[in-house]
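Basis for what follows: all heavy atoms, side chains included, without hydrogens, waters or symmetry-related copies.
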Amino acid sequence: MSPFLEAMRRVPDLLAAHLLLAASALALGLAISLPLAIWSARRPFVARAALGFASLVQTIPSLALLALFYPLLLSLSALVGGGIPALGFLPSMLALTLYAILPILRNGVTGLATLDPAVIEAADGVGMTGWQKLRLVEAPLVSPVLMAGIRTAAVWTIGAATLSTTVGQPSLGDMIFAGLQTQNWALVLAGCVSAAALALAVDALLGQVEHGIATRQRVRAGVALAALAAGILAALSPMLGTRAPAVVVGAKGFGEQYILARLIGHRLEAAGYRVTYREGLGSAVVFGALKAGDVDVYVDYSGTLFTNEMKRQDVLPRPAMVRAVADWAGRQHGIRLVGALGFENAYAFAMRGDDAARRGIRTLDDLTDQAAALKMGTDLEFLERPEWAAVKRAYPLGFKATQAYSPTFMYRAIASGEADVITAFSSDGRIAAQKLTVLADPKGAIPGYDAVLLIGRRHAGDAAFVGALKPLIDAIPVATMREANYMVDRDRNKASPEAAARWLERQIGR
């Protein structure tokens, strides 16, 4: 089977989740916009305020808006004592609803404001009430203009819904983000084609509704609406079953995390649990999701938790750091740190081997003297992390330029010469494959990053759950993890995270 056809096998479930999310956001957007449009058409001040706010929302990047709803709902849930889901469907729907409002509201207000005054006077002259005038005169005349706004909102919402992956909502964006991170272009293409096809199909059906309304062909409009309703019901069908709640395995947005998530999922499935995945999450989001119960298990790194979550600036020996994180996580959040997996994935400053040799750079001290002539590439998080602040305190690095990339493109940047130094990952197989030199850290500014297995409160005391995962503790040597990572990250003969996880299972024999 071709890689594209293999990727398309993932589409049906994600397409259903994507359609349900977009339809819910559009429906809520309509429920807000239509009354607001009527009110705004009759009150110019309300129109200016409402359209101004809706326009302001459009200036916020959709990814940022999605990210903002997560901490907002998390704080609200803590304030009311829990019960508000901060990850997945709710934050995604609320953010997308805000994006859907402007085209519906603007077209509704414009349509009502530009009605022929003579028509309104005639309606008043025959003694129509305000409700009768709206239902029998204004609504039919405004409907074609309003439908154009609804069609625009639908296409925008379906497109922006691909970004909901970043806050843990399944969508066609899962395929796009995973494909970008693992350079699986068949997966990216399948996700993009499916999202585009969904947007075109919905737009075409809404176009039929618009035409049916404009030409008073009720059957035509009704058939199109029925087709839309049937698609939404089909998307809802997986939710109507009686299956037990699924265990949620979380993962950050790079290849190693995708592999480890599948490794965990396979063991839990073998133990009888039903598993779903929430992948492509940021460090703060995934840990917050574990605390809130939106994710049940994932792999993090001791140095990330020590600096980002515990706000520690000191550096402990690796075993002591793991113990400190385990004690803090259990005491503060009821999270169980089962143990370290056996390898470290630390930040490591790396240069092209020939360039480092030519410049005589072997350590971060050496790099300090020449940094002003060099360009640094990092992952998307590093420049905002405490680790970077710690490195700058220890080494006065002042680079010519810095640029953040997704991990995949960071390695491409150093290979092409767009970057001279990158913040590589010590368990990444591309370090050896690209003949990069890892610079020593003589002052110990960079903490240890043992991969540790975290289980949320819901399953922390579940003996069967913990027992299924305990064989992974101290089972994965760094060389084996590097090889599994490179299977996913290499340019040719690329393996999927699923295949790499199966290979890893065979290597560790557990």
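Here T162 contributes atom OG1 and I158 contributes atom CD1; the two are 11.0 Å apart, rounded to the nearest 0.5 Å. In this structure, CG in L68 is found 12.5 Å from CG in L94, a value given to the nearest 0.5 Å. Here CD1 of I264 is found 10.5 Å from OH of Y298. Values are rounded to the nearest 0.5 Å. Rounding to the nearest 0.5 angstrom, the gap separating the CD1 atom in I361 from the CG atom in L374 is 5.5 Å. Note that the OG1 atom of T97 and the CZ atom of F69 stand 8.0 Å from one another [nearest 0.5 Å]. In this structure, R412 CZ and F409 CZ are separated by 6.5 Å, a value rounded to the nearest 0.5 Å.
Using a 3.5 Å distance cut-off with no hydrogens or angles, the side chains of R362 and T437 do not pair a donor with an acceptor. Looking only at atom types and distance, the side chain of D428 has no donor-acceptor partner in the side chain of Y486 under 3.5 Å away. Side-chain contact of S427 with E256: a donor-acceptor pair under 3.5 Å is present, judged by distance alone. Y273 and D462 share a donor-acceptor pair across their side chains, judged by distance under 3.5 Å alone. Side-chain atoms of T480 and Q507 form no donor-acceptor pair, as typed in the model, at a separation below 3.5 Å.
The only member of T304, T423, D379 that meets side-chain hydrogen bond (donor to acceptor under 3.5 Å, both in side chains) when paired with R385 is T304. Checked options Y347, F343, F306; the residue passing with Y449 is Y347 (criterion: ring pair (Phe, Tyr, Trp, His ring centres under 6.0 Å)). Checked options F425, Y405, W388; the residue passing with F382 is W388 (criterion: ring pair (Phe, Tyr, Trp, His ring centres under 6.0 Å)).
A salt bridge links E344 with R318: at least one charged nitrogen is closer than 4.0 Å to a carboxylate oxygen. A salt bridge does not link E483 to R490: none of the charged nitrogens lies less than 4.0 Å from a carboxylate oxygen. Ion pair K252/D300 flagged as a salt bridge, since at least one NZ, NE, NH1 or NH2 atom sits closer than 4.0 Å to an Asp/Glu carboxylate oxygen. In this structure, D355 pairs ionically with R359, as a charged nitrogen and a carboxylate oxygen lie closer than 4.0 Å.
Side-chain contact between V11 and M8: present, with at least one pair of heavy atoms (C-beta onward) separated by less than 4.5 Å. When side chains are defined from C-beta on, V466 counts as touching I455, because their heavy atoms get closer than 4.5 Å. Between F177 and L163 there is a side-chain heavy-atom pair separated by less than 4.5 Å. Counting heavy atoms from C-beta on, the side chains of D489 and K494 never come closer than 4.5 Å. In this structure, the side chains of L454 and R336 stay at 4.5 Å or more apart for every pair of heavy atoms. V338 is listed as a side-chain neighbour of K470, based on a closest heavy-atom distance under 4.5 Å. For the pair L305 and F287, the minimum side-chain heavy-atom distance is below 4.5 Å. Two residues are said to be in side-chain contact when any heavy atoms from C-beta on lie closer than 4.5 Å; T378 and I422 fail this criterion.
The two residues G448 and M321 come nearest to each other via the heavy atoms O-SD, 3.5 Å. Closest approach of A324 to L316, counting heavy atoms only: CB-CD1, 4.3 Å. The two residues M351 and D420 have their closest heavy-atom pair at CG-O, 3.6 Å. The two residues Q58 and L98 make their nearest non-hydrogen contact at NE2-O, 4.2 Å. Closest approach of G253 to Y258, counting heavy atoms only: CA-OH, 4.1 Å. K443 and A394 make their closest contact through NZ-O, 2.9 Å (heavy atoms, listed as atom of the first residue, atom of the second, distance).
No donor-acceptor pair under 3.5 Å is formed between the side chain of D327 and the backbone N or O of R323. For R352 (side chain) and I414 (main-chain N/O), a donor-acceptor pair under 3.5 Å exists by modelled atom type. With H266 contributing its side chain and R502 its backbone, the two residues share no donor-acceptor pair below 3.5 Å. Side-chain N or O atoms of T165 include one that pairs as donor or acceptor with a backbone N or O of D174 at under 3.5 Å. Checked by atom type and distance alone, the side chain of D474 never pairs as donor or acceptor with a backbone atom of L341 at under 3.5 Å. When atom types are taken as modelled, the side chain of Q169 and the backbone of S92 share no donor-acceptor pair closer than 3.5 angstrom. A donor-acceptor contact shorter than 3.5 Å is absent between the side chain of S194 and the backbone of G191. With hydrogens and angles ignored, the 3.5 Å screen pairs no side-chain donor or acceptor of K435 with any backbone N or O of G353. Put simply, the side chain of H459 never gets that close to the backbone of F465: no donor and acceptor are under 3.5 Å apart. Although no hydrogens or angles enter the test, the distance criterion places a donor-acceptor pair under 3.5 Å between the side chain of S302 and the main chain of D450.
Counting non-hydrogen atoms of other residues, nucleotides and ligands closer than 6.0 Å to CD of Q313 gives a total of 12 or fewer. Around the CD atom of E269, the shell of radius 6.0 Å holds more than 12 heavy atoms that belong to other residues, nucleotides or ligands.
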V478/S426 under side-chain contact (heavy atoms from CB on, under 4.5 Å): CA gap, chis, key distance, verdict: CA-CA 9 Å; V478 66; S426 62; 5.6 Å; no

